[in-house]
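Convention: sequence-line order gives letters A, B, ...; per-chain numbering from 1. Every value quoted in this text rests on a predicted model; they were computed, and no experiment measured them.
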Number of protein chains: 2
Amino acid sequence: MEPAAAACPADGAPPEGTSAYLLSQLGALSARLFADRVAALDLTPPQAGLLRLVAAQPGRSQQALATQLGTPPSRMVGLIDGLEARGLLARRRNTDDRRLSSLHVTADGMALLAELGGLAVAHDGEVSAGLDDTEREQLHALLVRLAELRGLRPGVHPGFRGSC
Amino acid sequence: MEPAAAACPADGAPPEGTSAYLLSQLGALSARLFADRVAALDLTPPQAGLLRLVAAQPGRSQQALATQLGTPPSRMVGLIDGLEARGLLARRRNTDDRRLSSLHVTADGMALLAELGGLAVAHDGEVSAGLDDTEREQLHALLVRLAELRGLRPGVHPGFRGSC
DNA sequence: TATTGTTATACTCTATAACTATA
DNA sequence: TATAGTTATAGAGTATAACAATA
């Protein structure tokens with residue numbers, strides 16, 4: 001079952017070739033490669049994910065996004081500050097309830113998001129390079145199914161750290 | 001292509017449903033669930049990975065393992081200290097070259113490793129729960145193939161952080 | 001002089017809790 | 001008083017560089 005474990009003297013050693021282990025290995029690799037790519041755009045993966053989420057759901061409050069992402073509200077501040085300072089994101093004080101600030105992506109932000117799109121396509125190609133079309137489709141279908149089974153939501157990354 | 005993206009106002013938004021993205025989502029989830037489980041054994045994922053690696057390749061030096069894991073030697077010290085203090089791992093000064101210390105898993109360490117094995121099996125079941133046998137086999141085969149294509153080695157986790 | 005392991009230090013990222021302003 | 005956002009602070013985890021022992 002093990003690809004190249006050679007002579008393994010440890011009989012009690014846990015199985016390293018499980019799907020769960022491979023998933024975490026490949027996931028970490030994919031996240032690292034993506035981090036390298038977005039770094040070229042001067043973004044961290046959490047920043048990229050947030051930008052994307054705000055674009056998909058404009059106008060929401062910081063608290064709402066924090067809840068959705070499973071992160072403390074205090075963390076949003078720094079992320080948004082960075083994006084706002086670069087003119088990619090904008091806070092707008094809600095006129096009805098001036099405690100809330102609704103978030104929106106600027107035109108510059110949308111332009112960068114388009115770049116991010118191309119980058120994601122290239123990244124996907126890099127990760128699955130070497131698979132033929134059938135394998136690629138099979139893999140994608142299985143991952144989608146698994147993501148649904150585990151209740152993963154499209155724009156929300158578990159942990160929201162290390163990757164988008 | 002998107003499972004439940006609802007009305008997505010951002011045309012320029014990058015694709016979130018790529019295999020690479022799903023891989024990183026599911027990988028992060030798998031890593032988190034594994035971390036929860038090994039925490040019950042009072043281990044961090046890096047500690048578990050190191051213990052496993054030493055069991056698979058006993059007698060190697062800290063430098064050799066650090067190189068293999070892609071981590072600075074200084075980091076090995078703390079990890080090994082923790083495992084050695086609990087009697088799971090042992091440093092033995094090399095008699096030929098007393099700069100080197102070769103690492104070995106103790107009997108207690110092997111016992112814990114056996115527990116870790118059972119835990120890994122349960123973890124794997126949890127991650128892939130809901131898939132039928134055919135899907136499970138397909139997924140495993142594809143992940144193994146992808147791991148080989150990307151040059152991932154059995155006991156070496158990319159980043160060696162957050163997961164084993 | 002070069003190398004192994006160690007220590008000291010600093011940096012990054014994240015979470016917790018206290019604070020303000022609005023309600 | 002309760003809530004949204006912010007600030008201050010502390011903690012975990014990691015990397016870099018200096019150090020001591022051995023070769």
Side-chain angles (χ1 to χ4, degrees), chain A residues 28 31-32 34-36 38-39 42-50 54 59-85 89-104 156-164, chain B residues 28 31-32 34-36 38-39 42-50 54 59-85 89-104 156-164:
Chain A
R32 209 197 57 194
F34 182 74
D36 290 345
V38 293
D42 254 310
L43 287 176
T44 65
Q47 279 180 323
L50 177 59
V54 173
R60 302 193 68 203
S61 73
Q62 300 183 196
Q63 291 273 351
L65 290 175
T67 301
Q68 184 175 359
L69 291 169
T71 193
S74 63
R75 194 181 164 195
M76 303 296 293
V77 180
L79 288 172
I80 297 169
D81 282 351
L83 294 172
E84 193 176 35
L89 215 63
R91 289 175 167 100
R92 289 190 208 149
R93 276 294 175 192
N94 190 321
T95 48
D96 294 341
D97 184 341
R98 296 212 336 248
R99 290 174 303 181
L100 289 76
S101 63
S102 62
L103 300 179
H104 301 266
V156 182
H157 200 286
F160 191 55
R161 173 191 178 183
S163 177
C164 48
Chain B
R32 210 197 56 194
F34 183 74
D36 290 345
V38 292
D42 254 310
L43 286 176
T44 65
Q47 280 180 321
L50 177 58
V54 173
R60 304 193 66 202
S61 75
Q62 300 184 194
Q63 290 273 351
L65 291 174
T67 301
Q68 184 175 358
L69 290 169
T71 192
S74 63
R75 194 183 163 192
M76 303 295 295
V77 180
L79 288 172
I80 297 170
D81 282 350
L83 294 173
E84 193 176 33
L89 215 64
R91 289 174 168 99
R92 289 191 209 148
R93 275 293 176 193
N94 189 322
T95 48
D96 295 342
D97 185 341
R98 295 208 341 242
R99 290 174 304 181
L100 289 76
S101 63
S102 63
L103 300 179
H104 301 266
V156 182
H157 200 285
F160 191 55
R161 173 190 178 185
S163 179
C164 47

Describe the nucleic acid contact of B:T44 in one word from base, sugar-phosphate, nothing, applying a heavy-atom distance below 4.0 Å. nothing

Measure CD/A:Q63 against P/C:dA21 and give the value in whole Å, please. 17 Å

Hey, does the side chain of B:R92 reach the backbone of B:S102 with a donor-acceptor pair shorter than 3.5 angstrom? no

A:M76 CE to C:dA15 C1', in whole Å, measures 15 Å

Validation row: A:M76, A:L50 side chains within 4.5 angstrom (heavy atoms): yes

A:D97 meets the salt bridge (charged side-chain N to carboxylate O under 4.0 Å, His left out) criterion, sequence neighbours left out, with A:R99

Rounded to whole Å, how long is the line connecting atom CG of A:L79 with atom P of D:dG5? 14 Å

Starting at CG of B:L43 and ending at P of D:dG13, how long is that distance when rounded to a whole Å? 13 Å

Do B:Q68 and B:L65 touch side chain to side chain, with heavy atoms closer than 4.5 Å? yes

Starting at atom CZ of B:R91, determine the distance to atom P of C:dT4, rounded to an integer number of angstrom. 16 Å

Grab the CZ-C1' distance between A:R75 and C:dT12 for me, whole Å please. 12 Å

Length of the CD-P vector between A:Q62 and C:dA21, whole Å: 16 Å

For a 4.5 angstrom cut-off between non-hydrogen side-chain atoms, does B:H157 reach B:P45? no

Could you state the atom-to-atom distance from CG of A:L103 to C1' of D:dG5 in whole Å? 11 Å

Quick one, which residues of residues 93-102 of chain A touch DNA chain D with a heavy atom under 4.0 Å? A:R99, A:L100, A:S101

Short side-chain N/O contact to D:dT7 OP1/OP2 from A:S74, under 4.0 Å: no

Sequence neighbours excluded, the answer for side-chain contact (heavy atoms from CB on, under 4.5 Å) partners of A:E84 is A:R91

